[in-house]
A.B. asks: 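The structure that follows is given in the form of structure tokens.
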Amino acid sequence: MNEDVLFLGGCLFVIMAFLATVGAMADGVFPRVALVFVILGGGLIGYAVWKKPGIYSFQGVPDVITRVFGTLF
């Protein structure tokens, strides 16, 4: 699988973890789902960075999004 897709998927899991944390805090429960999302997202991002070191950075995220959607369409 393409590392760009894995990196983007990991970023989406981390964003969903933030949203799940906010929802759990609003309900007053422990954010178990957010913890799973952080582990999955961090693992995917870590694997992509490990496979291609030096390619991914905070400024490069729009380029990754462009490459992923460019290959899809």
Side-chain angles (χ1 to χ4, degrees):
M1 184 174 256
N2 193 358
E3 286 81 12
D4 290 341
V5 175
L6 294 175
F7 183 81
L8 188 60
C11 290
L12 291 176
F13 272 122
V14 170
I15 291 169
M16 288 190 306
F18 174 73
L19 298 174
T21 302
V22 171
M25 291 176 79
D27 292 339
V29 297
F30 184 74
R32 290 181 187 92
V33 175
L35 185 63
V36 172
F37 283 164
V38 166
I39 292 170
L40 286 173
L44 288 174
I45 291 171
Y47 180 75
V49 170
W50 177 67
K51 290 291 281 186
K52 289 188 176 180
I55 301 248
Y56 301 110
S57 66
F58 187 70
Q59 292 85 11
V61 173
D63 295 332
V64 173
I65 294 170
T66 305
R67 283 194 303 261
V68 169
F69 283 117
T71 56
L72 288 176
F73 300 113

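Treat the numbers as computed from the prediction; the structure is a model and nothing was measured.
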A.B. asks: Taking all heavy atoms of A17 and all of F37, pick out the closest pair and write down the distance.
C.D. replies: CB-CB, 3.6 Å
A.B. asks: Treat each ILVMFWY residue as a node, draw an edge where side-chain heavy atoms are under 4.5 Å apart, and state whether V22 and M25 are in one component.
C.D. replies: no
A.B. asks: Could you name each residue pair satisfying side chain to side chain donor-acceptor pair (under 3.5 Å) that touches residues 38-51, not counting sequence neighbours?
C.D. replies: none
A.B. asks: Flag yes if V38 and M16 sit in one hydrophobic cluster, no otherwise; membership is Ile, Leu, Val, Met, Phe, Trp, Tyr, and two members link when side-chain heavy atoms are under 4.5 Å apart.
C.D. replies: no
A.B. asks: Not counting sequence neighbours, list each pair that qualifies as a side chain to side chain donor-acceptor pair (under 3.5 Å) and has a residue in residues 64-73.
C.D. replies: D4-R67
A.B. asks: Is there a chain of hydrophobic side chains (I, L, V, M, F, W, Y, each step under 4.5 Å between heavy atoms) that links L72 to V5?
C.D. replies: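 Looking at the clustering, V5 is in the same group as L72.
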A.B. asks: Excluding sequence neighbours, so at least two apart, what forms side-chain contact (heavy atoms from CB on, under 4.5 Å) with L40?
C.D. replies: F13, V36
A.B. asks: Check for me, please, whether F18 and V14 land in the same ILVMFWY cluster - side-chain distances under 4.5 Å, paths through other members count.
C.D. replies: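 In one cluster with F18: V14, no.
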A.B. asks: Return the set of residues passing side-chain contact (heavy atoms from CB on, under 4.5 Å) with F58 (not counting sequence neighbours), or none when no residue passes.
C.D. replies: none
A.B. asks: Test of understanding: with side-chain contact (heavy atoms from CB on, under 4.5 Å), list the residues that count as partners of V61, not counting sequence neighbours.
C.D. replies: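 Applying side-chain contact (heavy atoms from CB on, under 4.5 Å) to V61 gives F7, I65.
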A.B. asks: Keeping to residues at least two apart or across chains, list the side chain to side chain donor-acceptor pair (under 3.5 Å) pairs with something in residues 15-38.
C.D. replies: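 Not a single pair qualifies under side chain to side chain donor-acceptor pair (under 3.5 Å).
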A.B. asks: Supply the atom-to-atom distance L44 CG to I39 CD1, rounded to the nearest 0.5 angstrom.
C.D. replies: 12.0 Å
